[in-house]
Q: 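Mind looking over this structure? Questions follow.
Proteins come first, then strands; the chains are lettered A, B, ... in the order of their sequence lines, and each starts at number 1.
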Amino acid sequence: MSKVQPVLEIEDVTVVYDSPSGPVQAVSDVNLTVYPGTIVGLIGESGSGKSTLANAIMRLLRGNARLTKGQIRVMGTDIYALSKRELRTFRWSRMSMVFQSAMTALNPVMTVEKQIVDTFRSHRPQMSVKEAKERARDLLRLVRIDEKHLRSFPHELSGGMRQRVVIAIAIALEPQLVIMDEPTTALDVVVQRSILNQIQELQAERGFAILFISHDFSLVTEIASRVAIMYAGRMVENTEAKVLLPEVDHHPYTEGLMRAIPRLTYEDVVIEGIQGHPPDLIDLPSGCAYSPRCPYATAACMEIRPTLHRLSHATIECHLYSPTKEGDSEWPAKQLLYKSTT
Amino acid sequence: MKYVLSRLSFFIVSVWAAVTINFVLPRMMPGNPADAMFAKFQNNLTPQAMTALKLEFGFSNQPLIVQYFDYLKGLITLHWGLSFTYYPTPTKTVIAHSLPWTIGLVGITTLISVFLGTGLGILIAWRRGGALDNTLPIVSLFFQAAPYMWTGLLLLYFLSFKLGWFPLAHGYALSVQPSWSISFILSVLKHAILPGITIFLGSFSGWLIGMRNNMILTLGEDYVVFAEAKGVRPSRLMLMYAARNAILPQITSFAIAIGNVVSGSILTEVVFSYPGIGAQLQAAVLQQDYPLIQAAFLMIALSVLLANLLVDLLYSRLDPRVRAGGATV
């Protein structure tokens, strides 16, 4: 693994929103690596910082948001070291993004064809309009939209078709990394399924890596090989997807998420939610942000921020997995199934 | 095509309605034009002369419906009656002489205001927080807040009366003959500058700030962010993705402004004694010159409706959602 150049490396990234009541850390000290051709899921509830992180990777942070710490490298290139001009051509040819809002991501007064052609011509000025149109037709065919819709305006397409067009634009320049920020959220379940299949097919065919952002736990575990879980701006766990099972050790928050999934295959399963509310980012607990809602939480959790602990199957930010605990009674404990390695 | 036909038929029905109201309204007013005429001659008319006069002006005691059809026929055949004020000049001649002045002055000034305001609005929104963005809206808003005829009076007092840089009144100097000669055109331009500036200052801010705000809202739209992400060049992003959408509400305001070219200039024309249709309308009202008032109203109604028709057709070219009928988000 170590020899392969990762497509995405996020190191200690912190993103802050300036607000009237002081800076708010939406993303805190996040680390994440995505290798070529893999699908990594990023899960979190609303406000956990996943979209902010996506925008930070694309260097699309706007208004009062800014990256205050850390480094983001795509294909080894530090995104924040590029000039604006370099960024314009680097972005989309190396990394692209499918927006959350399928309904509003396309320019309402331009035909689908023009918007795809624009993508090619902005990056390859030497490409003729004729060739760009040719490519646009190929792309639509690839995402299974009839080529007669080249002449359609976005309002003439259904939500699912619009999202397919957005995906087509995202993969137009064959980037190595595609960030998908809740690509199916705005769509109904049937369309969601077909879009998801489409994404998997395209990924298998073209081999780009995907950072798949969602709040739908079962959806992500289904398509991703690794899953990163965010809570209150921190990445609390980074685990292999196949071990996301109730009988494997995880972060208490991850366990809570798993318990909240309705399963049609089991009988008499009680679906539990997680007690309490997501924390206010302006007023975070000094210790673990999850401690007020955590069933294992003790006084130590409230005061001391946990560090990352590397287990064989996952990296988890929780005192439960800390091998060295000074004193004894104050620390949280549960019967561990895996041995901690650090 | 279906859209064009529907807009056209709507236009025809509206014109008919406007024409009919223009016929009905004066006849519902207390008194009648004949009495007004009579009063004007201060009882010095014999009944025979009065009848002759009535016939000449086209007053009759026929049933309303007959009068209505006579009126419609007169409209179409351009027999709009004679002006009382400029008797015996036909009203259509009065209109024909004053309308070009108004369209020339107010029309061109409105166009300059729209294009400059919209263009600069795009630019200052794109460079939001820049030096121009911090000054231009405030300065322009100051002039918009001041009543425009007052601005006109101030300009007239200082620049024309005190300093003598510009003429005090009228559309051109009495020393030149109306023709396509250079000296006449220069004289017209010189006379148009102050009223033009007055109208411009009174309307520019609306276009500037309206466009700036539309533009700022549009710049936050997902499709603009998406286009920026996909690498569209900044100039193209500004014009084809942001401004192209932000300009749509401006088009509607533009329709209203064009419609107001004929009617909205009365005070400016009065202040500068400009020979346009607004000044004529004011004179006609003071003189109770019914045929002229009617003709002027008809011109105003027609210009508003025509402007709306043109903008509707233009809008359908600019916004594909309108063409399809019934827009979805």
Q: Can you name the nearest heavy-atom pair linking F226(B) to A105(A), along with the distance?
A: CD2-O, 3.2 Å

Q: Show me the pairs that pass salt bridge (charged side-chain N to carboxylate O under 4.0 Å, His left out) and involve residues 114-141 of chain B, at least two apart or across chains.
A: D133(B)-R212(B)

Q: Is the side chain of K230(B) donor-acceptor paired with the backbone N or O of Q115(A) at a distance under 3.5 Å, no angle test?
A: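 Between the backbone of Q115(A) and the side chain of K230(B) there is a qualifying donor-acceptor contact (under 3.5 Å).
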
Q: List the steps, then state whether side-chain contact (heavy atoms from CB on, under 4.5 Å) holds for E228(B) with R62(A).
A: CA-CA 12 Å; E228(B) 188 193 342; R62(A) 299 198 142 210; 2.6 Å; yes

Q: Mark yes or no for whether N107(A), through its side chain, and A242(B), through its backbone, hold a donor-acceptor pair below 3.5 Å.
A: no

Q: Could you check which of R85(A), R91(A), M58(A), M97(A) has the highest count of heavy-atom pairs closer than 4.5 Å to chain B?
A: R91(A)

Q: Identify the heavy atoms of R88(A) and P234(B) that sit nearest to each other, and give their distance.
A: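 Nearest pair, atom of R88(A) first, then P234(B): CD-CD, 4.1 Å.
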
Q: Considering only heavy atoms and a distance below 4.5 Å, find which of T89(A), V109(A), L87(A) pairs most often with chain B.
A: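 Looking at each option in turn, the highest pair count goes to V109(A).
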
Q: How far does CG of D222(B) sit from CE of M103(A), to the nearest 0.5 angstrom?
A: 12.0 Å

Q: Find the one option among L173(A), I169(A), V98(A), T111(A) whose heavy-atom pairs under 4.5 Å with chain B are most numerous.
A: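 The option with the most such pairs is I169(A).
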
Q: Look at N245(B), L318(B), L248(B) and state which one has the largest set of heavy-atom pairs under 4.5 Å with chain A.
A: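 Most heavy-atom pairs within the cutoff with chain A belong to N245(B).
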
Q: Around atom CZ of F115(B), are there more than 12 heavy atoms from other residues, nucleotides or ligands closer than 6.0 Å?
A: no

Q: Going by the rule salt bridge (Lys or Arg N to Asp or Glu O under 4.0 Å), which residues pair with D18(A) if we only count those two or more places apart in sequence or in a different chain?
A: R66(A)

Q: Which atoms form the tightest heavy-atom contact between A229(B) and W92(A), and what is the distance?
A: O-CE3, 3.1 Å

Q: Report yes or no: does H123(A) contribute a side-chain atom to a donor-acceptor pair with the main-chain N or O of V232(B) at less than 3.5 Å?
A: no

Q: Determine whether M110(A) and Y241(B) make a side-chain contact, defined as any pair of heavy atoms from C-beta on separated by less than 4.5 Å.
A: yes

Q: Please flag which part of L237(B) lies under 4.5 Å from any non-hydrogen atom of chain A: side chain, backbone, both or neither.
A: neither

Q: Does atom OH of Y3(B) have more than 12 heavy-atom neighbours, drawn from other residues, nucleotides or ligands, at distances under 6.0 Å?
A: yes

Q: Counting C-beta onward and ignoring hydrogens, is there a side-chain heavy-atom pair between P108(A) and E221(B) closer than 4.5 Å?
A: no

